[in-house]
Structures are given as structure tokens and as C-alpha cells.
Undergrad: 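If you scroll down you'll find the structure; I have some questions about it.
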Amino acid sequence: MANVALSGDLVQEHLKRSVIVKKQSKEVSKEVDFVRTLLIDNYDSYTYNIYQELSVVNGGPPFVVRNDEWTWEEAYYYLYEARAFDNIVISPGPGSPALGYVHGGKIVLAPEPIHGHLRYNLKVECGATFNHHRSSSPDACFFFADNFLVIDHRCNDVYIMSLFEVDKALSSWLDDAEKRLLDLQVSSTKNAEDNPSMSALASPFEAGFVSEKSREQYLEDVEKCLEYIKNGQSYELCLTTQFRKRITDLAPIDLYMSLRDKNPAPYAAWLNFSKHNLSICCFSAEQFLDEILEAKAIKGTSPRGSSSHEDEQLKLILQYSEKDQAENLMIVDLLRNDLGLHTLVSTVRGERRADVSSVECVRAAFPGGSMTGAPKLRSMEMLDSLESCSRGIYSGSIWYFSIISTFDLNIVIRTVVMHDGEASIGAGGAIVALSIPEDECDEMILKTRAPVKAIVE
């Protein structure tokens with residue numbers, strides 16, 4: 001008699017002993033007061049969700065076995081000879097209905113639901129199968145910072161730091177940098193409350209930007225996303241597009257300084273790669289990942305109000321919106337598995353194993369799930385088929401890796417990319433089952449208003 005132990009990763013400790021199926025000639029007794037479901041785990045986070053639902057519906061927990069845990073002979077025995085289970089549920093997660101189409105299958109919907117800088121193109125190095133679109137700018141740009149300033153905003157301290165070889169003479173950079181800092185004149189800062197409301201800012205169309213897709217085309221794409229979700233191929237799809245305008249008389253550093261004054265953000269960055277005629281003015285408020293494996297996903301967006309009272313009302317509407325909560329919670333679940341706007345922010349924190357490097361951590365989680373959807377790989381495939389151009393640096397990350405293995409990455413949103421005399425702004429939004437196409441299009445345009453206004457001014 002051989003014992004076959006079912007996977008206990010998704011089963012609570014007190015249930016583990018009860019899910020040992022014994023291979024024997026006698027037929028397993030059917031005298032049970034709950035439905036005996038065999039749940040096949042295909043190594044996806046959706047198994048956890050369906051395990052909870054089946055436990056409620058069946059009156060008892062399902063038996064969980066991973067897809068490579070049994071031989072065909074063992075599976076045949078338990079299913080057809082011992083008759084150990086009343087039914088089988090395969091949990092591949094959303095995306096599996098596509099397999100049915102290949103073999104002539106048809107999706108029949110239930111009457112009611114029963115549950116429920118690294119450029120973006122580098123996703124092909126992190127599990128995605130292909131890039132449907134290519135960009136003229138580099139997929140990744142790196143530089144080694146051996147001389148740098150570190151500003152501690154919390155303690156108001158400034159550190160001048162330099163890396164050098166001990167057997168070589170120290171350069172004068174430290175002394176020169178200190179002198180320049182001491183000679184700086186203090187400048188006044190503008191109060192963020194003095195800024196105009198988001199509703200007063202110009203739209204990209206009014207500012208002369210050309211969109212990769214018309215409003216009608218974007219609405220059609222939102223409808224296609226809703227159809228994918230309705231058919232079970234995804235929970236959530238982060239659909240995006242690009243706005244472009246020729247710029248010849250604007251210095252990127254001036255644009256960055258203007259935006260930093262009017263729209264400060266914790267994960268902002270300015271990068272200039274003169275060799276490629278490429279500058280990035282980023283004002284992201286979203287963290288992707290750091291060395292303690294903390295991610296802060298932003299999902300759910302609403303405009304600012306024209307008064308403080310209206311502002312508070314819009315904030316409360318966002319906080320209690322069922323649709324925006326759905327956006328946020330589904331990306332939080334994805335992150336757990338991978339690893340001037342009001343927004344919903346969630347923090348996911350993990351712990352890195354000692355044998356896993358910083359680069360391996362980033363590769364396992366890139367690109368950020370808040371810019372793809374869930375499940376990530378299948379969602380990226382569908383988005384590639386819908387979007388008409390490369391996202392470029394938008395949706396990717398600006399980051400640092402230190403020589404002591406610390407790192408921090410943002411999500412590149414609310415960003416102006418200046419390349420070969422053209423300014424581009426990426427924008428989009430997460431589509432879920434409760435999404436309304438017109439509202440999604442308006443939210444996408446809303447996210448472009450701050451950078452557009454800075455360029456116009």
C-alpha cells in the first residue's frame with residue numbers, strides 16, 4: 001500500500017492529515033457529508049481563491065494536488081477505480097478559455113457569477129513570450145554613479161558620496177561639490193495647494209498632442225477588454241495608449257523643474273542620455289519594488305475638486321467605489337503572487353530568501369502588475385494585441401541597484417519622454433468587469449493633464 005500525499009501549501013495545517021489518499025484495492029467509502037472535489041493546482045494564485053470558494057460550496061475543503069504530483073496511473077486509480085472524488089476542478093487561473101477556442105470549444109456563461117529605467121518591453125526577459133511592438137529608444141539604459149549626492153528629506157541631511165580605489169588619490173570632487181552646495185542660494189517653494197485643480201488643466205488634444213488611437217477606437221478596445229473578462233480570460237486588463245507632439249524649443253531639464261515644483265512626487269526622477277537624445281521627466285507616485293520586497297500598487301483614480309469640500313467628496317467616492325476597490329484588490333493579489341490625483345494605494349511586503357539575488361527578485365516581478373492586469377502573462381498577451389504601439393519606458397521602471405545589494409524601483413507613470421525632438425506621454429487605466437467605457441476613457445485623459453499643462457506653459 002502506497003501513500004500519495006496531496007500538496008499542503010494551500011491547505012490549513014489542521015486539514016493536512018485529512019487529505020492523505022491511501023492507494024488500496026478497497027473502494028473508498030462514500031459515506032461523507034460533503035462534496036469530494038479534487039482540485040488540480042497549476043501553480044497559479046487562483047487556486048487559493050477557488051479553494052476558499054469550494055470549501056464553502058462543498059461543505060468541506062477540496063483535495064489539492066499539483067499537476068505534476070501524480071502519475072497517470074495514480075490519477076486513473078483514484079478517479080475511476082477507487083472513486084475517491086465526486087468531481088474535478090482544474091485551476092489554471094483566468095486565460096484558460098483560450099485553449100477551448102483552439103479545439104472548437106465555446107464559452108457558456110453562467111446566469112450569475114459564482115465567485116469573484118527598465119522599459120516595459122523587457123517583459124520578454126521575465127516570462128512574456130513576445131513583444132508585438134518595438135520602440136526606437138533603447139530597452140534599457142544604465143550608468144554607474146561613482147559620485148553622487150544623497151538627500152535625506154526626513155532628517156533634512158545632505159550626504160556627498162564618492163567611490164574610489166584605496167590605492168589611488170582621492171579626486172577633488174568631494175570638496176568641489178561641498179563648495180557648490182554651500183554657495184547655493186535658497187529658493188522659495190510653491191505650496192501645492194496654490195496649484196490649480198486638475199479639472200482646470202488642458203487636455204492633450206487642446207494642447208496639440210496626437211493620440212495613437214481616437215476616442216472611438218479606445219472605447220472599442222475597452223469593450224474588447226470587457227469581453228475578455230466576461231469570457232474568463234482575465235480579471236483585469238490595464239489598457240494604455242500614447243500621446244505625442246513635436247517639441248523643438250523646450251529644454252527637458254526646464255520641463256522637469258517646472259513639473260517638480262507643481263506636481264511633486266515621491267518616486268520622481270530625471271534622466272538624461274545625451275548619446276541617444278533621450279530625456280525622461282518622471283513624476284511617479286508609485287513604488288514597484290525595493291530590497292525588503294515592498295511594493296505599493298496604485299489603482300483607482302479620480303479628479304481633484306474645485307473646492308476643498310468637493311475635493312473631500314471625490315476622495316470619499318473613490319475610497320468606497322466598488323469598481324475601484326476591485327481594481328486595487330486584484331492587483332494586490334497579483335503582487336502577492338509575483339513576489340495631482342486621488343489614488344488608492346496598497347502596500348504588499350514580503351521577505352527575500354538568502355539565496356535569491358536582487359536581480360532575480362526584480363526579474364520575478366517585472367513588469368509591475370499594476371500596469372498589466374491579472375493574471376499577468378495572459379493579460380500582457382491580450383494587451384499586446386489591442387495596443388497599437390510600444391509603451392517604451394512608460395509602464396517600465398526607473399531604479400537603482402547599490403553595491404551592497406539594496407535596490408528600489410518605481411513604476412513609470414505620469415511621465416514625459418523626450419526623444420529625438422518628440423514628447424510622448426503614456427496613459428491608461430485598469431479595466432474590470434464593472435468598468436464603463438466612457439468613464440475609462442475620461443480617466444485615461446485625466447492622467448495626462450498635469451504633464452500636458454507643464455509642456456504648454
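Positions are given from 1, in the same order as the sequence printed here. Just so you know, these numbers use all the heavy atoms, side chains as well, and skip hydrogens, waters and symmetry mates.
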Undergrad: Please tell me whether Ser234 and Ser379 have a donor and an acceptor in their side chains that are separated by less than 3.5 angstrom.
TA: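 Yes, a side-chain donor-acceptor pair sits under 3.5 Å.
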
Undergrad: Any non-hydrogen side-chain atom of Pro252 less than 4.5 Å from a side-chain atom of Trp270?
TA: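 Heavy-atom side-chain distance check passes, below 4.5 Å.
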
Undergrad: Which value, rounded to the nearest 0.5 Å, describes the distance between Ile398 atom CD1 and Ser284 atom OG?
TA: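 If I round to the nearest 0.5 Å, the distance is 8.0 Å.
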
Undergrad: What's the shortest heavy-atom distance between Lys123 and Pro367, and which atoms?
TA: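 Looks like CB-CD, 3.8 Å.
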
Undergrad: Which residue, Val210, Val452, Ile425, Val456, forms the side-chain contact (heavy atoms from CB on, under 4.5 Å) with Pro204?
TA: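 The residue from Val210, Val452, Ile425, Val456 that satisfies side-chain contact (heavy atoms from CB on, under 4.5 Å) with Pro204 turns out to be Val452.
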
Undergrad: Would you sort out whether Ser435 and Leu226 count as a side chain to side chain contact (heavy atoms under 4.5 Å, CB included), showing the intermediate values?
TA: CA-CA 8 Å; Ser435 291; Leu226 290 172; 4.1 Å; yes

Undergrad: Hey, does Trp173 have a side-chain heavy atom less than 4.5 Å from the side chain of Ile160?
TA: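 Sidechains of Trp173 and Ile160: in contact.
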
Undergrad: Mark yes or no for whether Gln242, through its side chain, and Arg391, through its backbone, hold a donor-acceptor pair below 3.5 Å.
TA: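 Between the backbone of Arg391 and the side chain of Gln242 there is a qualifying donor-acceptor contact (under 3.5 Å).
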
Undergrad: Checking side chain to side chain contact (heavy atoms under 4.5 Å, CB included) for the pair Leu255/Met418: CA distance, chi angles, key distance, verdict?
TA: CA-CA 10 Å; Leu255 173 64; Met418 309 281 286; 4.3 Å; yes

Undergrad: Considering non-hydrogen atoms only, spot the tightest contact between Arg244 and Ser424 and give its length.
TA: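 It is NH1-CB, 3.7 Å.
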
Undergrad: Looking at every non-hydrogen atom in both residues, tell me the closest pair between Cys361 and Leu289 and how far apart they are.
TA: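 So the two residues come closest at O-CD2, 4.0 Å.
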
Undergrad: Applying side chain to side chain contact (heavy atoms under 4.5 Å, CB included), run through Tyr235 and Val432 and close with a yes or a no.
TA: CA-CA 6 Å; Tyr235 303 113; Val432 296; over 6 Å; no

Undergrad: What do you reckon, is CZ of Arg215 surrounded by more than 12 foreign heavy atoms closer than 6.0 Å?
TA: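 Above 12, so yes.
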
Undergrad: Quick one: CG on Asp221 to CD on Glu440, what's the gap to the nearest 0.5 Å?
TA: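 Going from the CG atom of Asp221 to the CD atom of Glu440 covers 12.5 Å.
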
Undergrad: Say you draw a straight line from CG of Asp439 to CG of Leu434; how long is it, rounded to the nearest 0.5 Å?
TA: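 Those atoms lie 11.5 Å apart.
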
Undergrad: Enter the distance from Phe283:CZ to Asn263:CG here, rounded to the nearest 0.5 Å.
TA: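 The distance works out to 7.0 Å.
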
Undergrad: Are any of the side-chain heavy atoms of Ser385 and Tyr228 separated by less than 4.5 Å?
TA: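 SC-SC contact between Ser385 and Tyr228 confirmed.
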
Undergrad: Going by side chain to side chain donor-acceptor pair (under 3.5 Å), Lys179 matches just one of Asp175, Asp176, Asp183. Which one?
TA: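 The option that passes is Asp183.
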
Undergrad: Tell me the closest heavy-atom pair linking Asn277 and Gly421, and the distance in Å.
TA: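 Reported closest heavy-atom pair: ND2-N, 4.1 Å.
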
Undergrad: For Lys224 and Glu220: C-alpha separation, side-chain torsions, deciding distance, then whether salt bridge (charged side-chain N to carboxylate O under 4.0 Å, His left out) applies.
TA: CA-CA 6 Å; Lys224 291 176 182 177; Glu220 289 179 7; 5.3 Å; no

Undergrad: Does any part of the side chain of Ile393, heavy atoms only, come nearer than 4.5 Å to the side chain of Leu278, both counted from C-beta?
TA: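 Heavy-atom side-chain distance check fails, nothing below 4.5 Å.
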
Undergrad: Would you say the side chain of His419 lies within less than 4.5 Å of the side chain of Glu422, judging by non-hydrogen atoms?
TA: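 No, side chains not in contact.
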
Undergrad: Indicate the atoms forming the closest heavy-atom contact of Met371 with Tyr394, along with that distance.
TA: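 Distance-wise, the nearest heavy atoms are CE-OH, 3.5 Å.
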
Undergrad: Angle between ring planes, Phe288 versus Phe366, binned at 30° and 60°: parallel, tilted or perpendicular?
TA: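 The arrangement is perpendicular - the two ring planes meet at more than 60°.
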
Undergrad: Between Tyr159 and Phe148 (judged by ring centroids, cut-off 6.0 Å), do the two rings come close enough to count as a pair?
TA: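 Centroid separation for Tyr159 and Phe148: 6.0 Å or greater.
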
Undergrad: Can you tell if the side chain of Ile445 reaches within under 4.5 Å of the side chain of Phe205, non-hydrogen atoms only?
TA: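 Result yes, sub-4.5 Å side-chain heavy-atom pair found.
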
Undergrad: Ignoring hydrogens and geometry, is there a side-chain-to-backbone donor-acceptor pair from Ser397 to Asn410 under 3.5 Å?
TA: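 Yes, the answer is positive, given that a donor and an acceptor are paired below the 3.5 Å cut-off.
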
Undergrad: Mind checking the SG-CD spacing from Cys441 to Glu216? Nearest 0.5 Å is all I need.
TA: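 Those atoms lie 8.5 Å apart.
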
Undergrad: Do Val65 and Ile40 come within less than 4.5 Å of each other through their side chains, counting heavy atoms only?
TA: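 Val65 reaches Ile40 side chain to side chain.
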
Undergrad: List the steps and the verdict of salt bridge (charged side-chain N to carboxylate O under 4.0 Å, His left out) for Glu381 and Arg378.
TA: CA-CA 5 Å; Glu381 291 176 1; Arg378 177 57 181 146; 3.1 Å; yes

Undergrad: Determine, stepwise, if the pair Met380 / Leu377 fulfils side chain to side chain contact (heavy atoms under 4.5 Å, CB included).
TA: CA-CA 5 Å; Met380 287 192 293; Leu377 295 180; 3.7 Å; yes

Undergrad: When rounded to the nearest 0.5 angstrom, what is the spacing between CZ in Phe401 and OG in Ser358?
TA: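 The OG atom of Ser358 is 6.0 Å from CZ of Phe401, to the nearest 0.5 Å.
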
Undergrad: Does Glu223 reach the main-chain N or O of Pro437 with its side chain, forming a donor-acceptor pair under 3.5 Å?
TA: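 Judged by distance alone, no pair lies under 3.5 Å.
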
Undergrad: Can you confirm whether Val362 sits close enough to Trp399 that some side-chain heavy atom of one is under 4.5 Å from a side-chain heavy atom of the other?
TA: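 Contact flag for Val362/Trp399 side chains = no.
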
Undergrad: Is the backbone N or O of Lys376 less than 3.5 Å from a side-chain atom of Thr372, with the two atoms forming a donor-acceptor pair by type?
TA: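 No; zero donor-acceptor contacts below 3.5 Å.
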
Undergrad: Quick check: does any side chain N or O of Thr415 sit under 3.5 Å from a backbone N or O of Ile413, one acting as donor and the other as acceptor?
TA: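 Checked: pair present.
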
Undergrad: Which atom names give the shortest non-hydrogen contact between Leu239 and Ile431, and what distance separates them?
TA: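 Here Leu239 and Ile431 meet closest at CB-CG1, 4.2 Å.
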
